[in-house]
Amino acid sequence: MIISASRRTDIPAFYSEWFLERVRAGGVRTVNPFNARQSYWISLEPEQVDVIVFWTRNPRPLLPYLKELDTRGYRYYFLMTLTGYPAQLEPKAQTVSAQVDGFRELAERVGANKVVWRYDPIVISNLTPWEWHEWNFSQLAAQLNSACHQVVVSLVDEYRKASFNRLASEQLDVWRKTTPMPLAGRRMFENMATVAADVGIKVYSCAETLDLTSWGILPGSCIDAAYINRTFGLEVSGRKDPGQRNSCGCVCSKDIGSYDTCPHGCIYCYAGRLATAERNYLRHCRDSETLLSRGEERR
């Protein structure tokens with residue numbers, strides 16, 4: 001069983017203590033995001049868990065607990081998002097230098113082969129045009145040199161709950177994926193592949209409906225059976241997770257997070273609204289079986 005911690009929120013950044021309490025208790029209860037009356041017990045016993053996949057922007061709060069995870073026999077890797085966007089898109093993000101330092105600190109602790117960089121999603125707008133991404137990606141890649149071996153990229157999708165939908169129409173001139181890829185887009189992806197290769201990083205796309213292979217970017221996935229088996233010497237199934245989008249290549253996993261609980265506040269995020277997330281974060285109880293005590297979530 002693969003544990004996803006978590007597509008729905010940033011557990012390492014905001015809920016590390018809760019996660020370790022659930023590890024010590026041997027399991028976690030997850031509420032069905034589409035039916036709050038349904039919940040499921042998911043074992044976290046080490047013999048039941050093949051690998052834990054941590055999704056985060058800030059791994060530092062979890063670092064003091066990694067030794068305990070190692071001692072208990074867990075295998076894990078990190079998907080770390082680092083985009084360096086302006087505050088209009090990521091209002092609560094740390095400075096880029098702090099994020100890079102956290103990334104490199106994590107890589108030193110767990111090994112560069114267990115940290116996957118996510119330059120995702122790519123938002124093309126009047127604030128972040130194609131040419132800006134060429135420059136920004138090259139700057140970040142140079143700073144992450146030797147701290148990771150692969151990066152996942154994809155163009156932003158529109159989600160019902162994302163503040164991005166409102167701001168895109170009110171404040172941002174955003175390029176939509178439904179229009180043909182312009183020459184500037186082809187140049188951007190080709191440049192990303194070249195820049196990454198120069199520092200030993202392979203570029204893969206994630207849940208991308210557009211074919212980027214002709215520009216040097218192969219289709220990939222964040223929870224990747226081939227990567228997991230190669231990195232940890234396992235034989236996990238390559239069966240696609242039916243709960244993800246058709247374009248998503250991730251294999252089956254159990255997500256233990258909750259929507260509307262991430263206070264990072266990135267406006268393009270599908271996982272919730274900032275005001276609700278901040279309220280839920282304040283209600284959070286580290287001793288709860290679920291990320292939020294049942295009945296406490298407010299949508």
Side-chain angles (χ1 to χ4, degrees), residues 53-57 59 77-85 89-90 93 96-125 128-157 175 177 180-233 238 247-251:
V53 184
F54 291 112
W55 309 66
T56 190
R57 286 181 170 275
Y77 70 96
F78 287 78
L79 297 163
M80 184 163 172
T81 299
L82 174 54
T83 51
Y85 283 152
L89 296 177
E90 297 174 350
V96 174
S97 60
Q99 293 177 70
V100 169
D101 288 346
F103 195 113
R104 297 193 66 86
E105 184 178 351
L106 174 64
E108 287 183 15
R109 172 62 180 80
V110 304
N113 64 321
K114 295 180 183 176
V115 186
V116 176
W117 175 21
R118 298 184 77 241
Y119 190 78
D120 177 34
I122 298 172
V123 179
I124 307 300
S125 71
T128 53
W130 302 101
E131 297 78 10
W132 181 88
H133 282 283
E134 287 190 40
W135 170 83
N136 187 53
F137 183 88
S138 65
Q139 295 294 307
L140 294 175
Q143 295 178 78
L144 297 180
N145 182 13
S146 75
C148 68
H149 301 318
Q150 67 184 68
V151 58
V152 173
V153 301
S154 72
L155 290 160
V156 71
D157 289 307
W175 179 82
K177 289 176 66 173
M181 176 76 73
L183 177 60
R186 297 195 290 271
R187 284 200 301 261
M188 182 197 74
F189 283 117
E190 288 173 346
N191 182 71
M192 284 181 170
T194 300
V195 165
D198 287 344
V199 293
I201 299 175
K202 294 182 179 179
V203 188
Y204 297 92
S205 63
C206 167
E208 184 53 69
T209 56
L210 299 177
D211 184 0
L212 308 180
T213 54
S214 61
W215 304 312
I217 298 175
L218 297 176
S221 57
C222 294
I223 303 183
D224 186 321
Y227 166 82
I228 291 171
N229 292 338
R230 180 176 67 252
T231 302
F232 300 100
S247 57
C248 178
C250 287
V251 298

message = Between Gln143 and Gln139 (side chain of the first, backbone of the second, donor and acceptor by atom type, cut-off under 3.5 Å), is there such a pair?
response = yes
key: Chi angles and distances behind the side chain to side chain contact (heavy atoms under 4.5 Å, CB included) call for Val100, Ser97   = CA-CA 5 Å; Val100 169; Ser97 60; 5.7 Å; no
note = Separation between CG (Leu140) and CG (Leu82), nearest 0.5 Å, reads 5.0 Å
key: From CG (Leu144) to CZ (Phe103), nearest 0.5 Å   = 5.0 Å
request  = Before giving the answer on side chain to side chain contact (heavy atoms under 4.5 Å, CB included), spell out for Ile122 and Phe137 the whole-Å C-alpha distance, their side-chain angles and the decisive distance to 0.1 Å.
outcome  = CA-CA 10 Å; Ile122 298 172; Phe137 183 88; over 6 Å; no
request  = Tell me, please, which residues at least two apart from Ala112 pass side-chain contact (heavy atoms from CB on, under 4.5 Å).
outcome  = His149
task = Quick one: which residue pairs count as a salt bridge (Lys or Arg N to Asp or Glu O under 4.0 Å) with a foot in residues 191-213, not counting sequence neighbours?
result = Lys177-Glu208
remark   = Heavy-atom nearest pair, Asn145 first then Val199, reads OD1-O, 3.5 Å
task = Not counting sequence neighbours, which residues clear salt bridge (Lys or Arg N to Asp or Glu O under 4.0 Å) with Arg104? List them please.
result = none
Verdict with supporting geometry, Asp224 and Tyr204, side chain to side chain contact (heavy atoms under 4.5 Å, CB included) = CA-CA 11 Å; Asp224 186 321; Tyr204 297 92; over 6 Å; no
message = Do Leu218 and Thr213 make a side-chain contact, defined as non-hydrogen atoms from C-beta onward lying under 4.5 Å apart?
response = yes
task = Can you see which heavy atom on Trp117 is nearest to which on Cys148, and at what distance?
result = CB-SG, 3.9 Å
Identify every side-chain donor-acceptor pair in residues 180-197 under 3.5 Å, counting partners at least two apart or on other chains, and give the distances.
unit_1 : atom_1 : unit_2 : atom_2 : d
Arg186 : NH1    : Met181 : O      : 3.1
Thr194 : OG1    : Glu190 : O      : 3.0

task = Kindly give the heavy-atom pair with the smallest separation between Ala147 and Ala107, and that separation in Å.
result = O-CB, 3.2 Å
ask   = Taking the side chain as C-beta and beyond, is there a heavy-atom pair between Ile223 and Ile228 under 4.5 Å?
value = yes
task = Please list, chain by chain and in numerical order, all residues satisfying ring-ring contact (aromatic ring centres under 6.0 Å, His included) with Phe54, sequence neighbours excluded.
result = Phe19, Phe78
ask   = What are the two closest heavy atoms between Pro219 and Ser205, and how far apart are they?
value = CA-OG, 3.2 Å
remark   = Smallest heavy-atom separation, Ser154 atom then Cys206 atom, equals CB-O, 3.1 Å
message = Among Thr83, Asn136, Thr81, exactly one meets side-chain hydrogen bond (donor to acceptor under 3.5 Å, both in side chains) together with Tyr119. Which residue is that?
response = Asn136
query = Is there a side-chain contact between Val115 and Tyr77, using heavy atoms and a 4.5 Å cut-off?
reply = no
inquiry  = Which heavy atom of Arg57 sits nearest to which heavy atom of Met80, and what is that distance?
reply    = O-CE, 3.4 Å
key: Interatomic spacing from SG in Cys222 to CZ in Arg118 - rounded to 0.5 Å   = 4.0 Å
4.5 Å side-chain heavy-atom contact, Val123 and Tyr85 = yes
task = Return the set of residues passing salt bridge (Lys or Arg N to Asp or Glu O under 4.0 Å) with Glu108 (not counting sequence neighbours), or none when no residue passes.
result = none
